[in-house]
Amino acid sequence: MARIRQLDAHLTNMIAAGEVVERPMGVIKELVENAIDAKATRIEIQIAQGGIESMEVTDNGIGMDREDACLCFERHATSKIHSAEDLWAIGTLGFRGEALPSIASVSHLTLLTNNGEESTRVEVRYGQRQSARPYPCNRGTQVSVSGLFQKTPARLKHLKSVPYESSLILDVVQKFALSYPAIAFRLIHDGKEVFRTSGNGSLQEVIAAVYGRQLARQCIEVRGEDMDYRIYGMIALPSQTRASRNYMTVFINERMIRSYRIQKAILAAYQEYIPAERYPLAVLDIRMDSHLCDVNVHPSKWEVRLSKEQQLEYLIRQTLSETLRAHMQAPQVTLSRTEEKVEIQSLFEAQDSQREQVREDSVAAQHWKQRQQIASASPHASPLPSVSEQTTVAGSLSEEQEQTLQPVRPQRFPQMQVLAQMHGRYILAQDEQALYIIDQHAAQERVHFEEVEDRFAQPHPQMQTLLVPIVLEGSGAVVSRLPQINEVLAPMSIQLESFGQDTLICRQLPSWMSEIDEQAFLQDVIDLWKEGREVRAQDLQRHRLATIACHHSIRFNRVLSLEEMQQVIEQLARCRQPYHCPHGRPTFITITEKQLIREFQR
């Protein structure tokens, strides 16, 4: 008796659904991606009970004829791949041909579509097509899904609460909006609008809709490129941090992805500006030749495989670091009279007619025409928007709203005059525009850190031979990689030797290391290699130099004279990066005179 048999189409679709559609959020993601690939400029999402009861995605894209409307429910049927060569140059968001048949196998699905010549309604109930007939509807496509997982209770019981499922849907829609600021998105939950963007092309306006207007003002534009990669996006100043890494949003050719290594590269650029266990806000779109990116590695398309990944990581670190240095400033204190929370609807009330007026402007119309021409050829090959283009398109906002969203510009280091010391911890100073509160310990840490950094960056540091060599316990795998370890340690003039099958030995060290625990430092390097983690010489050295600077700085509860306090400020002003200590904490904060006037209701 044969034990192996071929599964029928319905069962294979249900198995595929388990990979593609884990919860309502997965359905929304697949349907919105189809709408974007159909060149939609407006996408509306309606959900009931967190999508568990029903979901509906409506777009104004190119639509389908009757034949395609029926064929799209066949497994592995797609308009986006025609040959094997296309797999190596994916230029769309969907490509596997599994989403619609997989969703339809575990739900009651209705499709309405109009391609401008004919309109069709197709109904599929848990994998069985019920009807396909002409039906009047607007240009574009509408997909309605209800009763998700009702006939697969094992899946249904794994869904969580309505607020949780709806929050996941809101998050994925917001990510789409951040990736496609030129598309108008609207999300309605249980009859109430919860999110909307105007689709006028301004990334900063979308950030305001997602994270709030105050944070959007603290965002700065980043641009960078090399021979293979281009980076565009916006990042928040270090004064705006979060407790979770989920605020680092990354897109590859406008496709939302999850990448630990890219997030790590973003964090590396921020490491001297933010404290440990805090994370920045960043929205980055990385463009590259599609041959460098394999998107066919995960059913739900969250993960990709990149060629030249280290090159990309270096470009991200370099671009973000240079941008942050150019825009660095002291954080301003937020006093009790915070900005009134603004409803999303009031920020983005631009009507279609107003947007058309903006597009008729000579520069904006040219920009819009270019984007439309490129989108008609390939919706994912659109060029990165220039600063002037963003400014022009953003004109759809009112003058007051546009001023509110203007990013904060970098300041020159203020010419501070000491006033007093507070509690033996903080120095109070002023200039013509503001009051400054300086953390005396953090300020001295920055001064001493740059002093020791310069001293230890000498090409030929003074070396000392150890009377008793340092012996390090490793493993056979670590010892076998000794050349790579020594390559990392070479910038610090440190060299290790093998001493048996699983032991390393160090015979001499730079003199500056006498101020730290040399054994612990070198053992940390070995342990990192054991764990297979990336080891960078500058990160290792920076941590130790920060420790030295901390030990040599003015402590809290030490009373300083006016001359000593003024000297601290003058030393800080001469630093390359005077706004943060080596651990990422601010060295001083600012309270402007305008804030004081408002607080005292003058």
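Heads up: numbering here begins at 1 and tracks the sequence. Quick caveat, the model's predicted, so the values are computed rather than measured.
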Test log, rule side-chain contact (heavy atoms from CB on, under 4.5 Å), inputs Y273 and R325: CA-CA 10 Å; Y273 304 110; R325 280 197 296 268; 3.1 Å; yes
side-chain contact (heavy atoms from CB on, under 4.5 Å) evaluation trace for I286 with N253: CA-CA 6 Å; I286 303 165; N253 291 342; over 6 Å; no
Side chain to side chain donor-acceptor pair (under 3.5 Å) between Q421 and Q440, worked out: CA-CA 9 Å; Q421 186 182 30; Q440 64 190 39; 2.8 Å; yes
Derivation and outcome, side-chain contact (heavy atoms from CB on, under 4.5 Å), residues D171 and V173: CA-CA 6 Å; D171 179 69; V173 172; over 6 Å; no
CA sep, side-chain torsions, deciding dist, call: Q240, L281, side-chain contact (heavy atoms from CB on, under 4.5 Å): CA-CA 7 Å; Q240 303 293 324; L281 182 145; 5.9 Å; no
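When side chains are defined from C-beta on, Y279 does not count as touching T241, because their heavy atoms never get closer than 4.5 Å. The side-chain heavy atoms of L203 and I207, taken from C-beta on, include a pair separated by under 4.5 Å. When side chains are defined from C-beta on, H327 counts as touching L237, because their heavy atoms get closer than 4.5 Å. Side-chain contact between T590 and Q433 is absent, with no heavy atoms from C-beta onward closer than 4.5 Å. Counting heavy atoms from C-beta outward, L267 and M248 have side chains that approach closer than 4.5 Å. Residues Q508 and Q464 are not in side-chain contact: their nearest non-hydrogen atoms beyond the backbone lie 4.5 Å or more apart. Contact annotation: the side chain of L284 never approaches that of I262 to less than 4.5 Å [non-hydrogen atoms, C-beta and beyond]. I235 has its side chain out of reach of I266: every pair of non-hydrogen atoms, C-beta onward, lies at least 4.5 Å apart.
Taking CG of L435 as the reference point, atom CD of Q430 lies at 8.0 Å (rounded to 0.5 Å). Interatomic distance, L312 CG to Y229 OH, rounded to the nearest 0.5 Å: 5.5 Å. Y436 contributes atom OH, which lies 11.0 Å from atom CD1 of I591 (distance to the nearest 0.5 angstrom). Rounding to the nearest 0.5 angstrom, the gap separating the CD atom in E165 from the NE2 atom in H189 is 10.0 Å. The CD1 atom of I252 lies 10.0 Å from the CZ atom of R255; values are rounded to the nearest 0.5 Å. Taking CD1 from I316 and OG from S321, the interatomic distance works out to 11.0 Å, rounded to the nearest 0.5 Å.
One side chain, D228 or Q311, offers a donor N or O that lies under 3.5 Å from an acceptor on the other. No side-chain donor-acceptor contact under 3.5 Å links E432 and Q415. No hydrogens or angles considered: a donor-acceptor pair under 3.5 Å links the side chains of E205 and S198. Side-chain atoms of E221 and Q204 include no donor-acceptor pair closer than 3.5 Å.
A salt bridge is defined here as a Lys NZ or Arg NE, NH1 or NH2 lying under 4.0 Å from an Asp or Glu carboxylate O, and E272 with R446 meets this definition. Between E225 and R287 there is no salt bridge, since none of the side-chain N atoms of the basic residue sits less than 4.0 Å from a carboxylate O of the acidic one. Between E313 and K264 no salt bridge is recorded (no basic side-chain N to carboxylate O distance below 4.0 Å).
Panel note: side chain T197, backbone F185; a donor-acceptor pair is recorded below 3.5 Å. Using modelled atom types, no side-chain atom of D285 and backbone atom of Y232 make a donor-acceptor pair closer than 3.5 Å. Looking at Q263, its side chain never comes within 3.5 Å of a backbone N or O of V250 through a donor-acceptor pair. Using modelled atom types, no side-chain atom of Q566 and backbone atom of E563 make a donor-acceptor pair closer than 3.5 Å.
The heavy-atom pair separating S179 from F251 by the smallest distance is CB-CE2, 3.3 Å. Between C506 and L496, the closest heavy-atom pair is CB-CD2, 3.6 Å. Of all heavy-atom pairs between P578 and L572, the closest is CB-O, 3.2 Å. In this structure, T319 and T323 approach most closely via the heavy-atom pair O-OG1, 2.8 Å. The shortest non-hydrogen separation linking E309 to S259 is OE2-OG, 4.4 Å. For the pair D439 and H441, the tightest heavy-atom approach, listed with the atom from each and the gap, is OD1-N, 3.1 Å.
Remark: K160 engages no residue in a side-chain hydrogen bond (donor to acceptor under 3.5 Å, both in side chains) (not counting sequence neighbours). Scored by the side-chain hydrogen bond (donor to acceptor under 3.5 Å, both in side chains) test, E497 finds R507 as partners (sequence neighbours excluded).
When the shell of 6.0 Å around CZ of F413 is examined, it contains more than 12 heavy atoms from other residues, nucleotides or ligands.
Relative orientation of the Y180 and F176 rings is tilted, given thresholds of 30° and 60° on the angle between their planes.
Cation-pi geometry between R242 and Y247 is met: under 6.0 angstrom from the ring centre, within 45 degrees of the axis.
Annotation: F588 is not in aromatic contact with Y426 [ring centroid separation under 6.0 Å not met].
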